[in-house]
Amino acid sequence: MNEKEQVAAAILKAMPDLDKSTVMDRLERPKDDKNGDYALPTFFLAKQLHQAPQKIAADLGSKIDQGSFDKVVVAGPYLNFFLKKGKVGAGVLETILNDPEHYGDATLGNGAHVTIDLSSPNIAKPMGMGHLRSTVIGNAIANILAKVGYEPIRINHLGDWGTQFGKLMAAYEMWGDEAAVKADPINTLQKYYVRINTEADTHPEYNDAGREWFKKLESGDKEATRLWKWFRRESLKRFMKIYKMLGVDFDSYNGEAFYNDKMDEILHLLEDKGLLKESRGADIVDLSAYNLNPALIRKSDGATLYITRDLAAALFRKRMYGFKQSLYVVGAEQTNHFAQLKAVLSEMGFTWSKQIHHIPFGLMSLNGKKMSTRKGNIVQLEDVLNDSIKLARQQIAEKNPDLANADEVAKQVGVGAVIFHDLKNERTNAIDFKLEDVVKFEGETGPYVQYARARAESILRKAGKPSFAGEDLTLDDAEAWPVIKQLGQFGETIQRAAENYDPSLIGKYALALAKLFNQYYAHVRILDDHPQKTARLALVQAVSDVLKSSLLLLGVKAPDEM
RNA sequence: GGGGCGGUAGCUCAGCUGGAUAGAGCAUUCGCCUUCUAAGCGAACGGUCGUGGGUUCGAAUCCCACCCGCCUCACCA
């Protein structure tokens, strides 16, 4: 029985005609600590009892068994419950220290597979800041789901197919310089890509050339395939460097090209069901029953489209992984696409279309405009990470010049700042990119959380890395209580984050815990002699453990010193 | 025009399953390092919660209308 249920039980004992679920629903956690740890507003009883809420609260307060609480206070129409701090606190600390890595675990998932489509950059282009979002949000969701008992499968659905590559090949055919590409593959290819897109405005035949090249690629033309393989290989090399910096691993790199030979089955299935209709020379699936515009499955030139490949991918993933849920961490601008995808799968008779969830996130813009590789209006992720690492290294040189592994810590802090900045706010918020915000290390940032933990670790080192087994961890100073309460809410925070696919809840949790700990640190001399010094150190250890867990869930490293 | 998301302090945001004086960070001003890392702590300043109605004992939160911004609506992904 958790604390809230204990409060509810005490209320029910004093007022037996209430039902438990009502009381659990009405019980709230006051924002202000002075109003207790739990509070029951009594307004909802006023009508049925024909009494003023103030009177109801007073009556209830006099009937309640106060023995199991520190105190129960009637505050006007509210009944405020104060828990026994020492006892509850010791319980929380024992639970954490007993098995820090698994504190907050849950078994909601029962080992069910969840595929997560994340990152999915386009090859032959530099990875921009826009791709950071899908990568770090998807990775954090995967971590969170694993924590509550699912088995996440991270899939990097590389954008390695489509008319865009036809265009790139057409550009390479016209202007390509093999030596230049070899020297700096990504940037050189991007130049060609930008050029052909720019010049296509005045040379519409370039678009046709692009379509032709893609057609050749789809039908297995030797030269087209050679170029494609080369572009893909070089791109992946570069991407891996970034993923290593970010600390993200994937279970699969099957991108769009992987489904090239799996498209026929989809087309046949659609035909067999009589879903495919001809319209303006192309093949579509009518989705007016879903209040959606038609899904274009096959272009008038016979080539397939994004959604055709996504249909094949969805079916493949279901067969391969037997997913219970299939998540797509893709920008909110593709909401319509995923609605269509689900609708077509549903039309095809796949009841598991309901297990598919688009996890949208807000657009990252630059100077208020949509980032676009074609227009060169893009910030490279790698540059931002390097800038941030450099700044972190400078900070270390200033603040902690003797730090042993300074370069490694600078990476953890610099990259941590970038990741945390992306995750701390609600997913769907749009972000206008500002470097100075991303690489900020003060206030509500990743480094703030890392720093709070590094100071905690520093204290523990100075205390000689104490062990707490069998110790009395009763801690009743008023300063410790807010920290302990926050520690106790880790599990429910994780579950909410999992249910809502919302990493920002973990970010906010970690910030709040770090802040509360910093306040504690500023007011209590932990290493001074004190009857509860051991319990205080246990609190420090628990904070460090939980901050570390929180950061790791977000994909942020937690250095012991910085 | 249809659909989606958003509008809270100068800026960036939290709060939105209705509850007790609307919170935080940044910025500005001012305190705190002979004491566990000042990437920190504290204080001050700062708000018609887009507008107008409605529901309710109670609305930033729920409902309706309107205004503004962004995204999206068949041969890109």
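Order of the sequence lines sets the chain letters (A, B, ...), proteins ahead of strands, with each chain counted from 1.
- Set against A39(B), A74(B), C76(B), the side chain of Leu296(A) has A74(B) as its closest nucleotide.
- Within the structure, every side-chain polar atom (N or O) of Tyr306(A) is placed at least 4.0 Å from both OP1 and OP2 of A77(B).
- An OP1 or OP2 oxygen of A39(B) is reached within less than 4.0 angstrom by a side-chain nitrogen or oxygen of Lys399(A).
- Going from atom OH of Tyr290(A) over to atom P of G4(B) covers 18 Å, rounded to whole Å.
- For A43(B), the paired base is U29(B) (Watson-Crick or G-U wobble, both distances below 3.5 Å).
- Across all strands shown, G69(B) forms a Watson-Crick or G-U wobble pair, both distances under 3.5 Å, with C5(B).
- Pairing partner, U37(B): none, since no Watson-Crick or wobble contact has both distances short of 3.5 Å.
- Across all non-hydrogen atoms, the minimal contact from Gly507(A) to Leu554(A) is CA-CD1, 3.8 Å.
- Phosphate contact (OP1/OP2 of C41(B), side-chain N/O of Asn518(A), threshold under 4.0 Å): present.
- For A39(B), neither phosphate oxygen OP1 nor OP2 lies less than 4.0 angstrom from any side-chain nitrogen or oxygen of Arg455(A).
- Atom name C1', nucleotides A20(B) and G58(B): the rounded distance is 11 Å, in whole Å.
- Taking 90° from 0 as the syn/anti boundary, the base of C33(B) is oriented syn.
- Distance, Leu311(A) CG to A77(B) P: 13 Å, rounded to whole Å.
- The separation of G42(B) from C33(B), taken at their P atoms, amounts to 16 Å, rounded to a whole angstrom.
- Between Phe316(A) and Tyr259(A), the gap from one ring centroid to the other is short of 6.0 Å.
- Atom CD of Glu28(A) and atom C1' of G58(B) are 12 Å apart (whole Å).
- Relative to the side chain of Lys440(A), the nucleotides C76(B), C26(B), C36(B) differ in distance, and C26(B) lies closest.
- In this entry the distance linking CZ of Phe338(A) with P of C71(B) reads 19 Å, nearest Å.
- As rounded to whole Å, 17 Å separates atom P of G15(B) from atom OH of Tyr509(A).
- Across all strands shown, C49(B) forms no Watson-Crick or G-U wobble pair with both key distances under 3.5 Å.
- Figure legend: cation-pi geometry between Lys262(A) and Phe258(A), with NZ or CZ positioned under 6.0 Å from the six-membered ring centre and within 45° of its axis.
- For Asp19(A), the CG atom counts as densely surrounded, since its 6.0 Å shell holds more than 12 non-hydrogen atoms of other residues, nucleotides or ligands.
- Here C36(B) is the nucleotide among A77(B), U21(B), C36(B) with the atom lying nearest to any side-chain atom of Ile459(A).
- Set against A39(B), U37(B), C76(B), the side chain of Arg211(A) has C76(B) as its closest nucleotide.
- At the heavy-atom level, Arg298(A) lies nowhere under 4.0 Å from the strands shown.
- For His337(A) and Tyr306(A), the ring centers sit closer than 6.0 Å to each other.
- Across all strands shown, Ala39(A) has heavy atoms under 4.0 Å from base atoms, whether or not it also approaches the sugar-phosphate.
- U56(B) and A14(B) are spaced 26 Å apart, taking the C1' atom of each and rounding to whole Å.
- If you find the closest nucleotide of RNA chain B to Glu256(A) and to Asn425(A), the one lying nearer the 5' end belongs to Asn425(A).
- For A77(B), its base never sits under 3.5 Å from the side chain of Asp160(A) at any donor and acceptor pair.
- If you check distances only, the side chain of Thr445(A) never reaches the base of A39(B) with a donor-acceptor pair under 3.5 Å.
- Checked against the 6.0 Å centroid criterion, the rings of Phe441(A) and Tyr448(A) do not qualify as a close aromatic pair.
- Across all strands, Ile284(A) comes closer than 4.0 Å to base atoms (heavy-atom distances).
- Listed for the Ser388(A) side chain is no donor-acceptor partner under 3.5 Å among the backbone atoms of Leu385(A).
- Remark: Lys424(A) is not in phosphate contact with A14(B), judged by side-chain N or O atoms under 4.0 Å from OP1 or OP2.
- Proximity note for Phe441(A) (side chain, C-beta onward) versus A39(B), A77(B), U37(B): the nearest is A39(B).
- Comparing atom distances between the Lys515(A) side chain and each of C41(B), C36(B), A38(B) picks out C41(B) as nearest.
- If you check C71(B), C76(B), C13(B) against the side chain of Asn429(A), the one that comes closest is C13(B).
- Comparing the P positions of G50(B) and A22(B) gives an interatomic distance of 15 Å, to the nearest angstrom.
- At least one test fails for Arg427(A) against the ring of Tyr501(A): distance under 6.0 Å to the centre or angle within 45° of the axis.
- Comparing Pro30(A) and Ser458(A) by the nucleotide of RNA chain B that holds the closest heavy atom to each, the one mapping nearer the 5' end is Pro30(A).
- Regarding contacts with the backbone of A20(B), a side-chain N or O of Lys31(A) is found under 4.0 angstrom from either OP1 or OP2.
- Within 4.0 Å (heavy atoms only), Asn336(A) reaches sugar-phosphate atoms of the nucleic acid but no base atom.
- The pairing partner recorded for U12(B) is A24(B), the criterion being a Watson-Crick or G-U wobble arrangement whose two distances lie under 3.5 angstrom.
- Taking atom P on both U72(B) and C30(B), the two are 47 Å apart, rounded to the nearest angstrom.
- Rounded to a whole angstrom, the distance from the P atom of A43(B) to that of U61(B) is 30 Å.
- A salt bridge links Arg211(A) with Asp208(A): at least one charged nitrogen is closer than 4.0 Å to a carboxylate oxygen.
- Nucleic acid contact for Val409(A): none, since no nucleic acid atom lies under 4.0 Å from a heavy atom of the residue.
- Under 3.5 Å, the side chains of Ser504(A) and Lys508(A) contain a donor-acceptor pair of N or O atoms.
- Note on Tyr448(A): a side-chain N or O is less than 4.0 Å away from OP1 or OP2 of C41(B).
- The side chain of Gln395(A) has A39(B) as its nearest neighbour among C41(B), A39(B), C13(B).
- Nucleic acid contact class of Val413(A) (heavy atoms, under 4.0 Å, all strands): base.
- Ser300(A) comes within 4.0 angstrom of a nucleotide base, judged by non-hydrogen atoms across all strands.
- Counting non-hydrogen atoms under 4.0 angstrom, Ser504(A) reaches nothing in the nucleic acid.
- Listed nucleotides U37(B), A74(B), A77(B) differ in distance to Ala454(A); the shortest reach to its side chain belongs to U37(B).
- Side-chain nitrogen and oxygen atoms of Gln334(A) include none within less than 4.0 Å of the OP1 or OP2 phosphate oxygen of A77(B).
- Proximity note for Tyr521(A) (side chain, C-beta onward) versus A14(B), C36(B), A20(B): the nearest is C36(B).
- C49(B) sits 11 Å from A59(B) when the C1' atoms are compared, rounded to a whole Å.
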